[in-house]
Amino acid sequence: HAIQVDPDDPYAQYGFARVLDAEDKLKEAIPHYQAAVRINPDLPEAQTSLGAILISEGKPGEAESHFATALVANPNMWDAHFQWGNALLIQGKLPEAEAQYRAAAELNSQAAYPILNLAVVLERQGRAAEGAAAAEVAYELATNAGNADLAAQLRVHLDSLRASKAEKKN
């Protein structure tokens, strides 16, 4: 690397990993995240970032331990709960994913994505009415935050749910 990173400084390792991550150089970022958590396992941001990359690399089971460690260091880290929920959802562990998404939503009541994923989990568990209600909340949050793309996706999803419900009545 053109930049020299102190191999014993977890914050330098984490910072460099974040730069690589932002440049979509995920494979190159992984060893720096790993070094940061090896040096300082109580660095929740690095644990969460590494876990998220492992999910994107198709390793949701391996990612789980990183979210658990992050939440021991900082139980109020909503994005660790959210990402853990994603890892669980991918693995089909729906009740556990639901608990993580609820925790994330409780910790950050303005974030639409945990509520959106909660809606998906509820629907997959056969709780369509609860899922639709959660999707409505996510839509409102996305709209209020000015996230037009997410709001549009949610509007299509909600319209589809309403159409499906109407079909079932007929």
message: Please find the pair of heavy atoms, one from Ala132 and one from Leu158, that lie closest to each other, and give the distance.
response: O-CD2, 3.8 Å
- request: Look at Arg18 together with Glu23 and state whether they make a salt bridge at an N to O cut-off of under 4.0 Å.
  value: no
message: For Pro7 versus Ile39, what's the shortest heavy-atom pair and its separation?
response: O-CD1, 3.1 Å
task: Apply side chain to side chain contact (heavy atoms under 4.5 Å, CB included) to Arg38 and Gln13, showing your working.
output: CA-CA 10 Å; Arg38 186 186 67 253; Gln13 291 287 344; over 6 Å; no
task: For Glu106, look at atom CD and say whether over 12 heavy atoms of other residues, nucleotides or ligands are found less than 6.0 Å away.
output: no
- prompt: Do Tyr14 and Ile30 share a hydrophobic cluster (ILVMFWY, side-chain heavy atoms under 4.5 Å, transitive)?
  reply: yes
Would you be so kind as to tabulate the donor-acceptor pairs closer than 3.5 Å made by side chains of residues 47-54, with sequence neighbours excluded?
| unit_1 | atom_1 | unit_2 | atom_2 | d |
| --- | --- | --- | --- | --- |
| Gln47 | OE1 | His66 | ND1 | 2.7 |
| Gln47 | NE2 | Pro41 | O | 3.1 |
| Thr48 | OG1 | Pro44 | O | 3.0 |
| Ser49 | OG | Glu45 | O | 3.0 |

query: What distance separates Asn76 CG from His81 NE2, expressed to the nearest 0.5 Å?
result: 7.0 Å
query: Is Trp84 reachable from Ile55 through a run of I, L, V, M, F, W or Y residues, each pair having side-chain heavy atoms under 4.5 Å apart?
result: yes
- prompt: Less than 4.5 Å apart, any side-chain heavy atom of Thr69 and any of Val37?
  reply: no
List the atom pairs, with distances to 0.1 Å, where a side-chain N or O of residues 109-123 and a protein N or O form a donor-acceptor pair under 3.5 Å, not counting sequence neighbours.
| unit_1 | atom_1 | unit_2 | atom_2 | d |
| --- | --- | --- | --- | --- |
| Asn117 | ND2 | Asn86 | OD1 | 2.8 |
| Asn117 | ND2 | Tyr101 | OH | 3.3 |
| Glu123 | OE1 | His157 | NE2 | 3.3 |
| Glu123 | OE2 | His157 | NE2 | 3.0 |

field: Test side chain to side chain contact (heavy atoms under 4.5 Å, CB included) applied to Tyr11 and Asn40, step by step
entry: CA-CA 9 Å; Tyr11 298 98; Asn40 182 358; 3.7 Å; yes
- prompt: For Lys59, what residues pass the salt bridge (charged side-chain N to carboxylate O under 4.0 Å, His left out) criterion, not counting sequence neighbours?
  reply: none
message: To the closest 0.5 Å, what do you measure between CD (Gln153) and CG (Asp149)?
response: 6.5 Å
query: Would a hydrophobic clustering, with Ile, Leu, Val, Met, Phe, Trp and Tyr connected at side-chain separations under 4.5 Å, put Leu150 with Leu141?
result: no
Within-4.5 Å side-chain heavy-atom neighbours: His32 and Val19: no
query: Which residue pairs satisfy the salt bridge (Lys or Arg N to Asp or Glu O under 4.0 Å) criterion with at least one member in residues 70-90, sequence neighbours excluded?
result: none
Test side chain to side chain contact (heavy atoms under 4.5 Å, CB included) applied to Leu20 and Tyr33, step by step: CA-CA 10 Å; Leu20 293 169; Tyr33 282 127; over 6 Å; no
message: Just to verify, what does Ala12 make a side chain to side chain contact (heavy atoms under 4.5 Å, CB included) with, not counting sequence neighbours?
response: Val5, Asp9
Salt-bridge criterion met for Lys25 and Asp21 (N-O under 4.0 Å): no
statement: Residues Leu154 and Ala142: closest non-hydrogen pair is CD1-CB, 4.3 Å
message: Within this structure, what is the CH2-CG distance for the pair Trp78 and Leu107, rounded to the nearest 0.5 Å?
response: 10.0 Å
message: Considering only residues two or more places apart or on different chains, which pairs with a residue in residues 127-145 satisfy side-chain hydrogen bond (donor to acceptor under 3.5 Å, both in side chains)?
response: Glu98-Arg127, Arg127-Glu130, Glu136-Arg162
field: Gln83 and Gln100 side chains, donor-acceptor separation under 3.5 Å
entry: no
